[in-house]
Amino acid sequence: MTTTHQQRPPKPPFYNELIRDLTQILGRDGVLTEEAELRAYDCDAYAPEKRYPDVVVLPKTTEQVSQIVRLCNRLQVPFTPRGAGTGLSGGATAITGGVIIATTRMNQILEADIPNQRLTAQAGVVNVYLTKAVKSKGLHYAPDPSSQGACTVGGNVAENSGGPHTLKYGVTTNHITGVKMVLPDGEILQIGGKVEDPSGYDLVGLVVGGEGTMGIVTEVTTRLTPLPQSVRTLLGVFETANQATQTVSDIIAAGILPAALEMVDTFIIKAVEEAFHLGFPMDAEAVLIIEVDGLEVGLEEEAQRAIEIAMKNGAREVRSAQTELERALLWKARKQAFGALGRLGKSMVTHDGVIPRTKLPEVLKEVRVIANRHGLDVGNVFHAGDGNLHPNLMFDERDPEQVKRVMDAGHEILKLCVDVGGSITGEHGIGLEKMEAMAWLFSEEDLALMERIKKVFNQNELCNPGKILPSAKRCWEVAHGAKMVSAARGAAV
């Protein structure tokens, strides 16, 4: 599909000096300046907002990142950290231009400390490679975003990413014990390390989920988790979404804590089946992937209890993966769902609201109503166990009217989540997408406190400007005439 892009803005006055000095730091192959190269970095996976950076750099070491940041400070050039670009809220989009610092060449695993169950890696290491490095030792890195075959651990830290196994194992912040980072002034700082609970303030917890506004994480130290002794993976097939969501609530109420409890609706089922031919029932309104793991003793009984609950709620059938291959295929269906939607030839916005589990039936129904009212297709595939919704709204980004409708529908969906006692993000972050929605959850005093905390790290607003807080958005609009960059509008800033 051909996408309309904004025109590349004129080169700023500092451009020649910037490129010269960046080339001295990185060499020519570490500095991207051609329009075709920059186009690949004009957004992350949040398509409605796009902006060309002035230059993209590809450092390999923490020291190089520090030198780049110091140069940007000297020239007063904004800079935006970026991992693999799989983020879904615009957090890695260089909305004010300047320099994108892409960490994808920082891809070395530095140490696997098996006795202490710790692993240290550069920020550009792909998530799944952490587990591959230690799986033979009976360990794994538990956070598993759906994009884990592409996303990098530095980006996971920025967004506090989750994944299907969040329900039992927690999100990124539960597994990061230390980070090395370059502060917005270029200073290199080590926070935390291998120890379990360091004394003093939890600065690691503050940085994880900071969306790159407090500095650029270049190395991480992660907790490694023993692989479960045994696993049971089930697929429940339901005639209605209400039956599936009631099953979710009943499984948790029964005292069962699954490793994962994922729901896929009929729109996604059809897309996945057409793409991968896995034998999913095309006429089902919803399926649940239910996975329990742990010690072999008692696990079969726990799986049977989950099956009984599903059948009591009207499941047509519950399949059990009999081999590792069958289990892998079930998870392929879940984790490749977003890619399967790409075959439909449209753009997509994947939202990330959180609601109480008991509100799933009414919220899913209202999500469909909202999408229909705006003339949009919607598919839901999400972490049902912890109420983390991912409605996928399909649209054509070349059509300005459809862009407006998808933005309006998204805001209505997020407001709905807040109104039923939920939140506007579970794992995708705020980025560009949800800044105004922060005021639905926080008072002016709360937001002002967050702004003061950010400025302790990022005083001159050069590091990933225009993100997360409504005040950041207002500053950007004042500086740029409130011209929000949209690919569909072909606008230039």
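With hydrogens and angles ignored, the 3.5 Å screen pairs a side-chain donor or acceptor of N392 with a backbone N or O of G379.
Among T93, T86, L88, the one residue that satisfies the side-chain contact (heavy atoms from CB on, under 4.5 Å) test with D44 is T93.
A salt bridge links R118 and E196; the closest N-O separation between the charged side-chain nitrogens and carboxylate oxygens is under 4.0 Å. Salt bridge status for R334 with E291: absent, with no side-chain N to carboxylate O gap under 4.0 Å. With salt bridges taken as basic N to acidic carboxylate O contacts below 4.0 Å, one links E324 and R327.
Residues satisfying the side-chain contact (heavy atoms from CB on, under 4.5 Å) test with A409, not counting sequence neighbours, are I370, H374, L376, L393. Scanning for side-chain contact (heavy atoms from CB on, under 4.5 Å) contacts around A121 gives I109, L119, V125, L130, with sequence neighbours left out. In terms of the salt bridge (charged side-chain N to carboxylate O under 4.0 Å, His left out) criterion, D265 has no residue partners (sequence neighbours excluded).
D352 and T425 share a side-chain donor-acceptor pair at under 3.5 Å. For the residue pair R28 and T33, a side-chain donor N or O sits within less than 3.5 Å of a side-chain acceptor on the partner. A donor-acceptor pair shorter than 3.5 Å can be found between the side chains of E451 and S471.
Among residues at least two apart or in separate chains, ring-ring contact (aromatic ring centres under 6.0 Å, His included) pairs with a member in residues 401-431 are H390-H428. Identified under the salt bridge (charged side-chain N to carboxylate O under 4.0 Å, His left out) test for residues 149-168, with sequence neighbours left out: K168-D293. Applying the ring-ring contact (aromatic ring centres under 6.0 Å, His included) rule to pairs touching residues 437-460 yields nothing, sequence neighbours excluded.
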Would V272 and V264 satisfy side-chain contact (heavy atoms from CB on, under 4.5 Å), going step by step from the backbone distance to the final call?
CA-CA 10 Å; V272 166; V264 184; 5.5 Å; no
Start with the C-alpha distance between V77 and F14, add both sets of side-chain angles, then the distance that settles side-chain contact (heavy atoms from CB on, under 4.5 Å), and finish with yes or no.
CA-CA 9 Å; V77 179; F14 54 76; 3.6 Å; yes
Verify side-chain contact (heavy atoms from CB on, under 4.5 Å) between M435 and L432, making sure each step is shown before the conclusion.
CA-CA 6 Å; M435 288 186 288; L432 292 169; 4.2 Å; yes
R452 vs V456, test: side-chain contact (heavy atoms from CB on, under 4.5 Å). Steps then yes/no.
CA-CA 7 Å; R452 290 200 298 273; V456 170; over 6 Å; no
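In this structure, V217 and T103 have side chains that are not in contact, with every pair of non-hydrogen atoms separated by 4.5 Å or more. For the pair H140 and H165, the minimum side-chain heavy-atom distance is 4.5 Å or more. Contact annotation: the side chain of F267 approaches that of L341 to within less than 4.5 Å [non-hydrogen atoms, C-beta and beyond]. The shortest distance between side-chain heavy atoms of L447 and M450 falls below 4.5 Å. Proximity of F338 to V381: side-chain heavy atoms (C-beta onward) are separated by under 4.5 Å at one or more points. For the pair D185 and Q459, the minimum side-chain heavy-atom distance is 4.5 Å or more.
Separation of atoms CD1 (I68) and CG (L26) is listed at 4.5 Å; rounding is to 0.5 Å. Atom NZ in K415 sits 13.5 Å away from atom CD in E436 (nearest 0.5 Å). Of the inter-residue distances, the one linking E461 atom CD with K454 atom NZ reads 4.0 Å to the nearest 0.5 angstrom.
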